[in-house]
Amino acid sequence: MSSPATLLEISHGCSLRALNSFGLPATAGTLVHIRSDADVRRVLDHPALGIAPKLVLGGGSNLVLTRDPQAVVLQVEVMGRHLVETRDDAWIVEFGAGESWHGAVAWTLDQGWPGLENLALIPGTVGGAPVQNIGAYGIELADRFESLDAVDLVTGRSVTLNARACAFGYRDSVFKQTGFGGLAGKSLVTRVRLRLPRPWQPVRAYLDIERRMAETGNLAPDARTVFDWVCAIRRAKLPDPALLGNAGSFFKNPVVSAEQCRDIIGRDPHLVHYPLADGRFKLAAGWLIDACGWRGKRVGGAAVYERQALVLVNQGNATGAEVLTLARAIQESVYGRFGIRLEPEPVVV
Ligand code: EPU
């Protein structure tokens with residue numbers, strides 16, 4: 001019988017530069033390609049790998065690497081996509097966690113199962129989507145989520161989690177939480193099932209989409225049109241990581257009390273703010289950063305994107321330390337002017 005290690009594909013001294021969308025330099029001492037739940041168990045059964053700390057890597061699109069990971073890197077490459085079930089009220093489709101997110105959106109649309117079009121062109125993998133509950137243009141992953149399979153990185157047991165167990169929040173889930181019951185670093189997502197509601201209804205209540213409807217006079221766009229609009233809006237606003245390294249929005253949009261919102265508007269009437277159901281307000285972090293004059297500013301090779309101040313970019317040879325220095329300077333200046341602490345969105349290693 002083969003030993004667990006002989007069945008695994010393991011690389012040593014592996015550059016991670018091409019494996020993180022920021023294009024930051026770092027090297028994995030050991031990187032294991034994970035293609036199934038069984039591969040995870042093989043890692044756990046391995047005498048050396050089993051006891052080492054683990055870093056799960058999907059598309060690397062929400063990651064800031066500031067140093068070489070002091071952990072075995074588990075690169076998730078579980079593939080596959082298929083229709084699981086056709087219900088009266090939904091199509092249920094399943095994807096391997098290693099599938100590209102945008103590829104999944106385009107494929108469902110091609111199959112005639114719309115519902116993910118507002119989430120087009122988000123970088124990363126399907127497995128990363130629930131981890132940070134990706135969202136854009138009026139939808140978040142949680143709105144289309146059915147369940148997922150994950151492997152416990154201590155016991156090797158495969159489990160299925162529903163939406164409740166995933167504890168989705170704004171760019172948050174149980175997989176990012178470190179406290180009691182949190183699964184950060186403890187679990188590897190292998191498959192995700194999505195629920196695409198029938199009949200399909202467009203999600204249009206978002207300023208950028210409403211603007212397109214007004215411009216084109218098309219008030220009842222089909223799913224393909226929404227997909228094309230979202231791709232065009234993103235291409236105009238956000239840098240393509242293949243051309244300019246980045247991790248999307250670097251900070252979450254902060255939520256403040258009605259009183260604090262009123263206080264800021266008293267001094268800055270143009271503040272971009274959105275009311276929430278609980279009476280509080282979500283503020284546009286990009287606007288706050290922009291108002292502090294950060295657009296185009298840089299630290300070494302790290303810079304604030306010219307067209308969207310919420311996005312930090314790698315101008316070619318940035319280090320993770322430069323990205324963090326820039327991020328901290330932005331946090332300090334936004335706090336100094338508005339009294340708001342911006343919280344980073346990506347995971348920092
Ligand atoms: N704004 C400025 N200056 C800037 C940037 C933004 O004034 O430099 C203003 C814009 O004019 C707009 C407002 O801020 O009025 C909000 O900007 P935008 O519509 O571009 O959206 P966002 O709040 O910056 C969020 C998500 C994005 C998502 C878009 C569209 C977060 C942290 N970011 O960005 O998600 O694509 O809405 O739904 O919630 C990501 O998470 O990586 C991401 C890209």
Side-chain angles (χ1 to χ4, degrees), residues 20-22 58-64 101-102 105 116-125 128-143 168-173 176 203-212 226-227 229-241 244-256 261 264-265 268-276 281-297 303-313 323 327 330-331 333-334 337-338 340-347:
N20 72 99
S21 66
F22 239 125
S61 60
N62 203 41
L63 184 64
V64 184
W101 173 263
H102 179 70
V105 174
L116 299 177
E117 55 283 346
N118 295 50
L119 301 175
L121 225 54
I122 296 182
T125 56
V131 173
Q132 63 148 346
N133 187 19
I134 58 170
Y137 305 104
I139 301 189
E140 54 183 23
L141 191 276
D143 300 323
F168 292 121
Y170 168 54
R171 294 297 189 278
D172 196 24
S173 76
K176 282 182 95 174
V203 176
R204 295 172 292 197
Y206 200 96
L207 189 64
D208 288 317
I209 304 251
E210 286 164 356
R211 227 176 250 154
R212 292 269 156 169
V226 175
F227 175 89
W229 284 352
V230 168
C231 289
I233 294 164
R234 289 188 74 95
R235 287 197 175 107
K237 270 193 180 178
L238 297 166
D240 177 353
L244 195 61
N246 73 89
S249 301
F250 198 91
F251 300 100
K252 295 184 186 183
N253 284 330
V255 173
V256 300
C261 188
I264 298 173
I265 290 170
D268 287 282
H270 300 296
L271 174 73
V272 178
H273 59 292
Y274 317 96
L276 297 177
F281 286 84
K282 189 180 259 190
L283 309 183
W287 187 91
L288 298 171
I289 299 167
D290 198 6
C292 292
W294 280 101
R295 254 201 244 200
K297 293 272 164 56
V304 179
Y305 189 50
E306 289 277 2
R307 275 181 269 162
Q308 223 302 8
L310 192 51
V311 178
L312 304 191
V313 296
V323 173
I330 291 170
Q331 282 172 310
S333 87
V334 168
R337 173 156 169 195
F338 297 106
I340 290 169
R341 291 187 197 282
L342 292 181
E343 192 189 328
E345 199 191 86
V347 173

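Numbering of ligands and ligand atoms starts at 1, following listing order.
Ligand 1 lies within reach of Y274, whose nearest heavy atom is under 4.0 Å from it. For Q132, the heavy-atom gap to ligand 1 stays at 4.0 angstrom or more. Contact analysis leaves Y305 out of contact with ligand 1, as no non-hydrogen atom separation drops below 4.0 angstrom.
With sequence neighbours left out, the side-chain contact (heavy atoms from CB on, under 4.5 Å) criterion links E140 to N133, A142, D143. In this view, A136 and L119, I122, R234 satisfy the side-chain contact (heavy atoms from CB on, under 4.5 Å) rule, not counting sequence neighbours.
Against a heavy-atom cut-off of under 4.0 Å, A136 is close to the following atoms of ligand 1: 36 (O), 38 (O). Under a 4.0 Å criterion applied to the non-hydrogen atoms of R234, ligand 1 contributes the atoms 36 (O). Every atom of ligand 1 with a heavy atom of N253 under 4.0 Å away is listed here by number and element: 23 (O), 31 (C), 32 (C), 39 (O).
At a heavy-atom distance under 4.0 Å, only side-chain atoms of A284, from C-beta outward, approach ligand 1. If you look at R307 next to ligand 1, there are no close heavy atoms at all, none under 4.0 Å. Only the backbone of F251 comes within contact range of ligand 1, with a heavy atom under 4.0 Å; no side-chain atom does.
Using a 4.5 Å cut-off on side-chain heavy atoms (C-beta onward), L342 and I289 make contact. At a threshold of 4.5 Å between non-hydrogen side-chain atoms, the residues L121 and R235 count as touching. Side-chain contact between V131 and N62: absent, with no pair of heavy atoms (C-beta onward) separated by less than 4.5 Å. L288 has its side chain within reach of P254: a pair of non-hydrogen atoms, C-beta onward, lies under 4.5 Å apart. With contacts defined as side-chain heavy-atom distances shorter than 4.5 Å, the pair C292/I330 does not qualify.
The backbone N or O of V226 sits nowhere less than 3.5 Å from a side-chain atom of R212 that would complete a donor-acceptor pair.
Scanning the protein for heavy atoms near atom 38 (O) of ligand 1, the closest one is Y137 N, 2.8 Å. Scanning the protein for heavy atoms near atom 29 (C) of ligand 1, the closest one is Y206 OH, 3.8 Å. Scanning the protein for heavy atoms near atom 3 (N) of ligand 1, the closest one is D290 OD2, 2.8 Å. In this structure, the protein non-hydrogen atom closest to atom 31 (C) of ligand 1 is Y170 OH, 3.3 Å. Ranking protein heavy atoms by distance to atom 5 (C) of ligand 1, first place goes to Q308 OE1, 3.2 Å. Annotation: atom 43 (C) of ligand 1 to nearest protein heavy atom, S249 OG, 3.1 Å.
Taking the six-membered ring where the residue is Trp, W287 and F338 present tilted rings, their angle falling between 30° and 60°. Between F281 and H273, the ring planes are tilted. Angles from 30° to 60° get that label.
For A309, a nitrogen or oxygen atom sits less than 3.5 Å from a nitrogen or oxygen atom of ligand 1, counting backbone and side chain alike. Among the atoms of R171, some N or O lies under 3.5 angstrom from an N or O of ligand 1. For ligand 1, one of its N or O atoms has an N or O atom of E345 under 3.5 Å away.
The nearest protein heavy atom to atom 36 (O) of ligand 1 is closer than 4.0 Å. When distances from atom 10 (C) of ligand 1 to the protein are checked, no heavy atom turns up under 4.0 Å.
In terms of heavy atoms, Q308 sits closest to L310 at OE1-N, 2.8 Å.
Only one option out of V304, V313, V64 pairs with F250 in a side-chain contact (heavy atoms from CB on, under 4.5 Å); it is V64.
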